[in-house]
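Only a predicted model underlies this, so the values are computations on that prediction, with no experimental measurement involved. Proteins get letters first, then strands, A, B, ... in listed order; numbering begins at 1 in each.
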Amino acid sequence: MPELPEVNTVRKGFHDTVLNLRIVDVQVHDEKILRNCSGDDFQSVLHERFFQDTYRQGKYFFGDLDDGSSVLFHLGMTGDIAYYNDPEDAPKHERFQFTFENELKLGFNDPRKFARILFLPDRDEYIEEINLGPDALIISATDFREIFKGRNTSLKAVLLNQKLISGLGNLYVDEICYQAKIHPGSRAGAVTTRKSNQIYKLMRSILQYAVDQDAYYKIYPDKWFWKWRDEKAKPPTGEGKIRKAKIAGRTTYWVDGVQKMIS
DNA sequence: TGTGATGTTGAATG
DNA sequence: GCATTCAACATCAC
């Protein structure tokens, strides 16, 4: 599920649902996704605290607590948050659960356990420490252009590199490359300023649209590549042929004859 | 039944 | 430092 728009939707739900509600109970069912503390530690640092604000950079979403510390929710591939009152409604792969003062429960669901949950005394320090790149919706056109310069790797590898720009994942990168009519395997260093600006504009419009739709992909426009990501499908315009290959280690689709390779 | 999947990290290799 | 590839994580869907 989660690239920038999906993570933002989860953040927004969290923001609108649990802010300023005191945590009265924490249950950890599986500590594996807690990456820097034990279940017991997690429980004791959160007990009687409340979330005051949220912050997102790329796919990293933070709940900021009333004492200045934060909890990082990185959803990995299958992380999601459910809210419920009846314990019977707990999601199937719930890894931990908060109960708030109004008896509402937050369940963190994650079938594949790729999520990373960290307790952070100082989130800004953490962001700096891991060298997380600027958010894809915040980076300037000028800085965006810089991330390609001198790089011998593929365009796709650069766009997926969270240390250069954060928030893009496999699906949105393919969508951006399709709409920009550029082959994802193009050499990053060969991207011109003109092309970079075009990619930048499309990236912004695609992400902003998805964010505005709460990442509800079923209502994305028919002309988007999204719905056609399938080797056997006909390209959206009827022109060219859909291809599939591994690029930057990820399954990549593009339309041969429409997306130009630059090298 | 086997395969691959919206992600990240660390290790090993060149 | 840069780039690539691989394994690891655990479950589900086709």
| A/Gln27: partners by side chain to side chain donor-acceptor pair (under 3.5 Å), with sequence neighbours left out |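 With neighbours one apart ignored, the set is A/Asp25.
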In whole Å, I'd like the distance from the [atom1] atom of [X] to the [atom2] atom of [N].
X        : N     : atom1 : atom2 : value
A/Gln57  : B/dT8 : CD    : P     : 13 Å
A/Arg151 : C/dG1 : CZ    : P     : 12 Å
A/Trp224 : B/dT6 : CH2   : C1'   : 14 Å
A/Asn152 : C/dC2 : CG    : P     : 12 Å
A/Lys156 : C/dT5 : NZ    : P     : 14 Å
A/Lys163 : B/dT9 : NZ    : C1'   : 8 Å
A/Asp174 : B/dA5 : CG    : P     : 11 Å
A/Glu3   : B/dT6 : CD    : P     : 9 Å

Candidate nucleotides [options], ranked by approach to the side chain of [X] - the nearest:
X        : options             : result
A/Pro2   : B/dT8, B/dA5, B/dT6 : B/dT6
A/Asn170 : C/dA3, B/dA5, B/dT6 : B/dT6
A/Lys59  : B/dA5, B/dT6, B/dT8 : B/dT8

| said: Need one value for A/Gly249: base, sugar-phosphate or nothing, where a base atom within 4.0 Å counts as base even if backbone is also close, heavy atoms only. | reply: nothing
| task | Select base, sugar-phosphate, or nothing to describe what A/Tyr60 touches, counting heavy atoms under 4.0 Å on all strands. | result |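 Sugar-phosphate: the residue A/Tyr60, judged by heavy atoms under 4.0 Å, touches backbone atoms but no base.
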| task | Please tell me if the side chains of A/Ile165 and A/Val158 come closer than 4.5 Å, counting only heavy atoms from C-beta onward. | result | no
| Sub-4.5 Å side-chain heavy-atom contact between A/Leu155 and A/Pro184 | no
| query | Salt bridge check: are A/Lys241 and A/Asp256 linked by an N-O gap of less than 4.0 Å? | reply | no
Using only atom types and a distance under 3.5 Å, with no angle test, would you say the side chain of [X] pairs donor to acceptor with the backbone of [Y]?
X        : Y        : value
A/Gln162 : A/Leu160 : yes
A/Asn197 : A/Ala141 : no
A/Gln57  : A/Ile127 : no

What protein N or O atoms touch nucleotides 6-13 of chain C N or O atoms at under 3.5 angstrom, if any, and at what distances?
{"residue": "C/dA10", "atom": "OP1", "partner": "A/Lys32", "partner atom": "NZ", "Å": "2.6"}
{"residue": "C/dA10", "atom": "O4'", "partner": "A/Arg112", "partner atom": "O", "Å": "3.3"}
{"residue": "C/dA10", "atom": "N1", "partner": "A/Arg112", "partner atom": "NE", "Å": "2.8"}
{"residue": "C/dA10", "atom": "N1", "partner": "A/Arg112", "partner atom": "NH2", "Å": "2.6"}
{"residue": "C/dA10", "atom": "N3", "partner": "A/Arg112", "partner atom": "NE", "Å": "3.1"}
{"residue": "C/dT11", "atom": "O3'", "partner": "A/His93", "partner atom": "NE2", "Å": "3.1"}
{"residue": "C/dC12", "atom": "OP1", "partner": "A/Lys92", "partner atom": "NZ", "Å": "2.9"}
{"residue": "C/dC12", "atom": "OP1", "partner": "A/His93", "partner atom": "NE2", "Å": "2.8"}

| message | With clusters defined by side-chain heavy atoms of hydrophobic residues (ILVMFWY) lying less than 4.5 Å apart, directly or transitively, does A/Met203 cluster with A/Trp224? | response |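 In one cluster with A/Trp224: A/Met203, yes.
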| said: Membership question, hydrophobic clusters at under 4.5 Å side-chain separation (ILVMFWY): are A/Leu132 and A/Tyr172 in the same one? | reply: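 No.
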| query | Distance between the P atoms of B/dT1 and C/dA10, in whole angstroms? | reply |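 Looking at atom P only, B/dT1 and C/dA10 are 22 Å apart.
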| request: Considering only atom C1', compute the distance from C/dT4 to B/dT6 and round it to an integer number of Å. | output: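 Each nucleotide's C1' atom is 22 Å from the other's.
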| message | As a test of your reading of the structure, name each stem of DNA chain C as range with range, where a stem is three or more consecutive Watson-Crick or G-U pairs at under 3.5 Å. | response |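 Correct response: B:2-5 with C:11-14, B:7-14 with C:2-9.
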| Separation between CZ of A/Phe61 and CZ of A/Phe14, rounded to the nearest 0.5 Å |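 One finds 5.0 Å between CZ of A/Phe61 and CZ of A/Phe14.
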